[in-house]
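Encoded as structure tokens, the structure appears first; notes follow it.
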Amino acid sequence: MGSMSRCLMWVMVAVLATVSLVPMVTMAADADPLQDFCVADNSTGVTINGFPCKPTAKVSVHDFTFDGLKKAGDTNNKNMAAVTPASVIQFPGLNTLGISAARIDFAKGGINPPHTHPRATEILLLAQGELYVGFVSTNNTLYATVLKAGELFVFPRGLVHFQLNVGKSPALAFAALSSQNPGTQQVAPALFMPDIKDEVLEKGFRIDGKTVDMIQAEFRDA
């Protein structure tokens, strides 16, 4: 079996594992669907909490197929990593189904920086390489480990988490998330890219104004 076939097989395992978690998080995540499916119609311009449905007569099997995770992402960036999402935005067939996926490519030393998914629990399957992964609970306890290929790790909904390639070669992971549109908020850019008053950041991080300016410049010039 080729490496791509093995990767796709592992993705299916991750997706099935996430589906098994959905009943536990239903009350706190996406609402239950009220029909067999509701392929998103992004052409209407209608803004609602979700997406309007494409007329059933216009739905085809292609609406339930997505090939966007086959190709490796471009890791030629400051994080040396690339996240390729498959949420309802990219894959309209996910609309109302309460699930999405992502591919994460890491160059050697690459990082998926601390971030949160406010609307989803995430389960990560490492297909290749070694990753140091973890999350921080609301009482600031760190739960972290080094994953090997074929291992899974779960990040609870809304908690800050990260992945770092600590292996000697590139790494590849696939994630499944318990929301059609989980959202992602990177911690550092969320605080240092907007024009938050320097005093807030100085006191919040216990750093001086010069350091705040340096970090802000780093993110605004990225």
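Quick note: numbers below take in every heavy atom, side chains included, and nothing from hydrogens, waters or symmetry partners.
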> Is it true that Phe205 and Ile215 fall in one hydrophobic cluster, defined by side-chain heavy atoms closer than 4.5 Å?
Replying inline: yes
>> Under the side-chain hydrogen bond (donor to acceptor under 3.5 Å, both in side chains) definition, can you give me all pairs with a residue in residues 87-98, not counting sequence neighbours?
In response: Ser87-Gln90, Asn95-Gln180
> Do the side chains of Pro182 and Ser100 get nearer than 4.5 Å, heavy atoms only?
Replying inline: yes
>> I need the minimum non-hydrogen distance between Pro118 and Gly183, along with the two atoms involved.
In response: CD-O, 3.5 Å
> Is the closest side-chain heavy-atom distance between Leu159 and Thr116 below 4.5 Å?
Replying inline: no
>> If the condition is ring-ring contact (aromatic ring centres under 6.0 Å, His included), which residues does Phe162 pass it with, not counting sequence neighbours?
In response: Tyr132
> If you round to the nearest 0.5 Å, how far is CG of Asp105 from CD of Gln128?
Replying inline: 9.0 Å
> Is there a donor-acceptor pair under 3.5 Å between the side chain of Ser179 and the backbone N or O of Asp30?
Replying inline: no
> Under the criterion side-chain contact (heavy atoms from CB on, under 4.5 Å), which of Leu147, Leu126, Leu125 is the partner of Leu152?
Replying inline: Leu125
> Are Ile89 and Asn181 side-chain neighbours, meaning at least one heavy-atom pair lies under 4.5 Å?
Replying inline: yes
> Take atom CG in Asn49; do more than 12 heavy atoms of anything else shown fall under 6.0 Å from it?
Replying inline: no
>> For the CG atom of Asp67 and the NE2 atom of His62, what is their distance to the nearest 0.5 Å?
In response: 11.5 Å
> Closest heavy-atom contact between Gly129 and Ala171?
Replying inline: CA-CB, 4.2 Å
>> One pair to check against side chain to side chain contact (heavy atoms under 4.5 Å, CB included): Leu131 and Val146. What are the steps and the verdict?
In response: CA-CA 5 Å; Leu131 290 181; Val146 174; over 6 Å; no
>> For the backbone of Val39 and the side chain of Asp63, can you confirm whether one donor and one acceptor N or O come within less than 3.5 Å of each other?
In response: no
> Any donor-acceptor pair under 3.5 Å linking the side chain of Asp41 with the backbone of Ser43?
Replying inline: yes
> Is any side-chain heavy atom of Phe64 less than 4.5 Å from a side-chain heavy atom of Val59?
Replying inline: yes
> Has Gln185 got more than 12 heavy atoms of other residues, nucleotides or ligands less than 6.0 Å from its CD?
Replying inline: no
> Between Met80 and Phe219, is there a shared hydrophobic cluster once you connect ILVMFWY residues whose side-chain heavy atoms come closer than 4.5 Å?
Replying inline: no
> Short question: side chain of Asn165, backbone of Gly110 - any donor-acceptor pair under 3.5 Å?
Replying inline: no
> In Å and rounded to the nearest 0.5 Å, what is the OG1 to CG distance from Thr141 to Asn139?
Replying inline: 3.5 Å
> In Å and rounded to the nearest 0.5 Å, what is the CG to NZ distance from Asn42 to Lys54?
Replying inline: 9.5 Å
>> Run Asn112 and Val83 through side chain to side chain contact (heavy atoms under 4.5 Å, CB included) and show every step you take.
In response: CA-CA 8 Å; Asn112 191 7; Val83 178; 4.0 Å; yes
> Who are the ring-ring contact (aromatic ring centres under 6.0 Å, His included) partners of Phe155, not counting sequence neighbours?
Replying inline: Phe153, His161
>> Keeping His115 on the side-chain end and Pro113 on the backbone end, is there a donor-acceptor pair under 3.5 Å?
In response: yes
> Out of curiosity, Ile111 CD1 to Ile104 CD1, how far, rounded to the nearest 0.5 Å?
Replying inline: 12.0 Å
> Under 4.5 Å between any side-chain heavy atoms of Phe106 and Leu172, yes or no?
Replying inline: no
> Does Thr84 offer a backbone N or O that forms a donor-acceptor pair with the side chain of Arg103 under 3.5 Å?
Replying inline: no
> Do the charged groups of Lys168 and Glu130 touch, with an N to O distance under 4.0 Å?
Replying inline: no
>> So which atom in Gln216 and which in Ile196 form the shortest heavy-atom distance, rounded to 0.1 Å?
In response: NE2-O, 4.0 Å
> Is the closest side-chain heavy-atom distance between Gln186 and Leu191 below 4.5 Å?
Replying inline: no
>> A side-chain contact here means heavy atoms from C-beta on lying under 4.5 Å apart; do Glu199 and Lys203 qualify?
In response: yes
> In terms of hydrophobic clusters joined by side-chain contacts under 4.5 Å, are Phe174 and Phe66 together?
Replying inline: yes
> What's the shortest heavy-atom distance between Val88 and Phe51, and which atoms?
Replying inline: CG1-CE1, 3.2 Å
>> Is the shortest side-chain heavy-atom distance between Glu202 and Asp208 below 4.5 Å?
In response: no
>> If we ignore hydrogens and angles and just use 3.5 Å, is the side chain of Ser178 paired with the main-chain N or O of Thr121 as donor and acceptor?
In response: yes
>> With a 4.5 Å cut-off on side-chain heavy-atom distances among I, L, V, M, F, W and Y, is there a chain of contacts connecting Val136 to Val187?
In response: no
> What are the two closest non-hydrogen atoms of Leu177 and Ala120, and how far apart are they?
Replying inline: CB-CB, 4.0 Å
>> With clusters defined by side-chain heavy atoms of hydrophobic residues (ILVMFWY) lying less than 4.5 Å apart, directly or transitively, does Val160 cluster with Met193?
In response: yes
